[in-house]
**Q** 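I have a structure here, written as structure tokens, and I will follow up with some questions on it.
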Amino acid sequence: TWNDLSARVVASKYFFRPSKEEWKEKLKAKTGRDYEFSPTHLFDRIIKFISDSGQRLNYFKTEKDKEIFEDELRYMLIHQMFAFNSPVNFNAGLYDMYGVPGSPGINYVRDPETNEVTKIRNGCYIKPQSHACFILGAEDSLESILEHCKDEGAIFANGSGIGQDISNLRAKGEALSSGGVSSGALSWFELWDRVASMIKSGGKTRRAARMTVMKYWHPEIMDFIDCKVKSDKKGLDLVLSGYEGGFEGEAFTTVPFQNTNISVRLDDYFFEQLKKNGYIELREVKTGKVKEKVFADEILKRISYGGWRVGDPGVQFETTIQDWHTCPNSGIINASNPCSEYMHLDGTSCNLASINLLKYTDLKGNFDHRSFRSASRTIAVAEDILNDASSYPVEIIAKLSPEFRTIGLGYANLGALLMRKGLPYDSEEARAFAATITAIMHGEAYRTSAEMSEALGPFVHYEINKEPMQRVIEKHRQALDNIKWDLVKDEGLKAEIYRLWDEVLNLGARYGYRNAQATVLAPTGTIAIQMGCDTTGVEPALGLVTNK
């Protein structure tokens with residue numbers, strides 16, 4: 001039932017087509033041709049990599065358990081019921097299935113037994129990169145700033161994106177120990193953005209993805225807020241002068257900040273000042289000296305104008321982010337990944353997987369929540385395996401990220417599902433339904449995490465974060481009370497979801513959790529097309545018949 005678009009995109013973006021003759025022969029021995037030409041080739045290598053890794057890491061009690069796990073993943077993947085993030089499709093299983101080691105890359109792997117981190121010397125596919133979302137900030141030193149260029153390049157090369165906070169970098173004009181003055185945080189931001197423009201994601205698709213965050217008190221905050229508005233104005237002027245337009249045209253590829261999403265961090269204090277028409281003090285990074293005072297209202301208006309004019313900057317709510325942080329005793333959350341679905345500590349990463357909601361409904365829009373729970377469980381196990389089975393492009397991330405074991409289970413195609421159910425997207429009924437399926441997925445992911453913790457142990461930093469994490473889990477359980485259950489038509493679902501979250505709390509209290517985070521709602525691009533999310537909900541809902 002795959003449509004032509006899904007087939008074309010998966011074939012062009014994810015099928016492995018090596019150029020080396022030696023590697024071509026290895027694929028020919030397996031597939032009959034010197035390249036992958038079927039989704040079963042793609043999925044079989046991914047499944048083999050994950051299941052064999054899981055067996056080595058003691059995730060399966062018996063060989064039969066492993067076979068069932070493989071069959072579940074294979075069925076869901078080939079029926080477009082879910083998809084892993086792009087780095088898994090790019091990289092996973094090429095060595096295990098075909099014996100292709102890959103080119104020498106910048107990859108580090110952590111031994112789960114000894115915790116030793118080593119660099120992979122013989123090829124990037126031997127221990128493939130599987131994670132899409134990275135958070136890593138540079139320190140306020142020239143060495144760290146330049147090293148960050150290499151780190152970002154390594155992340156992009158394997159199909160992933162990075163988020164960073166630049167609030168710790170000295171502003172333009174601040175004193176240096178050498179006696180000079182700093183060129184400013186935005187000058188380094190422009191350098192990193194230019195690096196991203198040179199490296200395509202995974203070496204074969206769109207330009208790399210970045211997120212840069214700045215806190216509202218930084219002396220360069222007004223320039224930061226305006227940087228993309230001014231940059232886009234330059235691009236438009238070049239187009240009007242005759243230079244080629246478009247995203248990849250000469251006009252916009254020659255102006256800065258085109259590869260980066262930007263966000264301003266605002267906390268409760270900022271909004272208190274906003275309410276009373278107060279000032280915000282802009283302070284030097286190193287000395288704390290007040291450089292300028294700006295009305296909070298002016299900051300928010302400039303943010304709003306930028307969002308209206310060019311879509312940037314966005315806003316991240318500092319106080320709320322830290323309040324829902326599961327590991328505050330390990331540090332604060334400074335930034336997010338490029339699309340902002342993943343927020344955690346610097347030096348961590350997350351692998352994503354999205355469930356195609358429409359595949360769990362009939363043509364009348366009845367949602368099969370039990371199959372959805374089962375899928376959530378199986379996929380969460382697969383994602384957790386990837387934390388130990390994969391390599392990482394930066395040494396500190398290879399050490400730290402597996403110690404938190406964050407996973408990003410999510411869903412896609414909500415709009416098409418609501419259309420099939422006949423629910424207006426912007427309605428209380430739609431919000432209540434979306435809240436219930438989100439509660440199911442999140443609850444099942446954390447229940448599975450607690451069960452894995454019982455068998456395999458919690459994430460390394462769980463004990464020092466035990467109390468705050470359980471507090472956040474309880475907040476999720478309490479949030480169920482905010483759902484307008486009278487608008488949820490499925491009788492018995494309310495009681496089932498409350499029972500699920502009671503299980504999460506009880507199991508977590510006894511065994512802890514295997515994962516510091518379990519779910520995200522990621523914007524799905526290429527993998528949405530892979531799952532057929534572009535058309536599968538529209539035609540049945542409208543009663544259309546096509547030759548497909």
Side-chain angles (χ1 to χ4, degrees), residues 1-17 31-33 35-47 71-93 132 159 200-202 204-206 247 339 352-368 371-372 374-376 378-379 382 409-423 425 430 433-434 437 441 521-548:
T1 60
W2 282 46
N3 62 41
D4 292 342
L5 180 60
S6 296
R8 286 199 308 272
V9 168
V10 169
S12 65
K13 301 298 183 185
Y14 296 145
F15 286 179
F16 186 56
R17 295 171 177 267
T31 70
R33 303 180 192 175
Y35 55 87
E36 291 179 330
F37 59 88
S38 167
T40 58
H41 300 147
L42 170 68
F43 298 148
D44 282 350
R45 66 168 163 86
I46 291 171
I47 292 165
D71 289 344
E72 291 286 336
L73 287 179
R74 185 173 290 105
Y75 183 90
M76 289 189 290
L77 284 168
I78 203 66
H79 287 87
Q80 300 174 295
M81 299 174 78
F82 93 101
F84 290 109
N85 57 207
S86 289
V88 171
N89 293 326
F90 287 145
N91 308 319
K200 287 193 173 182
S201 182
K204 64 187 70 172
T205 180
R206 58 167 168 75
F247 183 65
C339 298
L352 311 178
S354 292
I355 300 174
N356 183 356
L357 293 176
L358 211 68
K359 294 291 184 175
Y360 298 83
T361 63
D362 60 22
L363 292 180
K364 294 182 180 179
N366 297 310
F367 189 71
D368 184 356
S371 293
F372 181 60
S374 177
S376 299
T378 301
I379 299 165
L409 179 63
Y411 58 67
N413 230 10
L414 175 63
L417 173 55
L418 295 175
M419 186 184 294
R420 183 174 289 186
K421 291 180 71 68
L423 296 178
Y425 194 84
F433 177 75
I437 59 176
M441 180 182 70
L521 291 183
T524 48
T526 310
I527 67 166
I529 301 174
Q530 174 185 326
M531 293 185 288
C533 293
D534 52 317
T535 59
T536 51
V538 179
E539 292 168 3
L542 299 178
L544 301 178
V545 178
T546 72
N547 292 328
K548 296 179 183 178

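Nothing here was measured: the structure is a model prediction, and the numbers come from that model. Counting from 1, the numbers follow the sequence of the chain as shown.
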**Q** With the side chain counted from C-beta on, respond yes when Thr524 and Cys533 share a heavy-atom pair under 4.5 Å apart, and no when they do not.
**A** no
**Q** Using the rule side-chain hydrogen bond (donor to acceptor under 3.5 Å, both in side chains), only one of Arg45, Lys13, Gln530 pairs with Asn89; which is it?
**A** Gln530
**Q** Thr378 side chain to Ala375 main-chain N or O, any donor-acceptor pair under 3.5 Å?
**A** no
**Q** How long is the straight-line distance from OG of Ser374 back to CE of Met76, given to the nearest 0.5 Å?
**A** 7.0 Å
**Q** Quick check: do Ile355 and Met81 have side-chain heavy atoms less than 4.5 Å from each other?
**A** no
**Q** What I'd like to find out is whether the side chain of Tyr14 reaches to under 4.5 Å of the side chain of Pro39, using heavy atoms alone.
**A** no
**Q** Looking at side-chain heavy atoms only, is the closest gap between Phe15 and His41 below 4.5 Å?
**A** no
**Q** Give the minimum heavy-atom separation between Ile437 and Ala434, together with the two atoms involved.
**A** CG1-O, 3.3 Å
**Q** Quick one, Leu73 and Phe43 - any side-chain contact, counting heavy atoms below 4.5 Å?
**A** no
**Q** Considering only residues two or more places apart or on different chains, which pairs with a residue in residues 76-92 satisfy salt bridge (Lys or Arg N to Asp or Glu O under 4.0 Å)?
**A** none
**Q** Checking side-chain contact (heavy atoms from CB on, under 4.5 Å) against Leu417, which of Leu357, Leu423, Asn356 comes through?
**A** Leu357
**Q** Using a 4.5 Å cut-off on heavy atoms from C-beta on, say whether the side chain of Asn413 contacts that of Met531.
**A** no
**Q** At their closest point, which heavy atom of Tyr425 faces which heavy atom of Leu418, and how far apart are they?
**A** CD1-CD1, 3.6 Å
**Q** So, using ring pair (Phe, Tyr, Trp, His ring centres under 6.0 Å) as the criterion, who are the partners of Tyr411 when residues are at least two apart?
**A** none
**Q** Quick check: do Asp368 and Asp362 have side-chain heavy atoms less than 4.5 Å from each other?
**A** no
**Q** Do Phe84 and Leu352 make a side-chain contact, defined as non-hydrogen atoms from C-beta onward lying under 4.5 Å apart?
**A** no
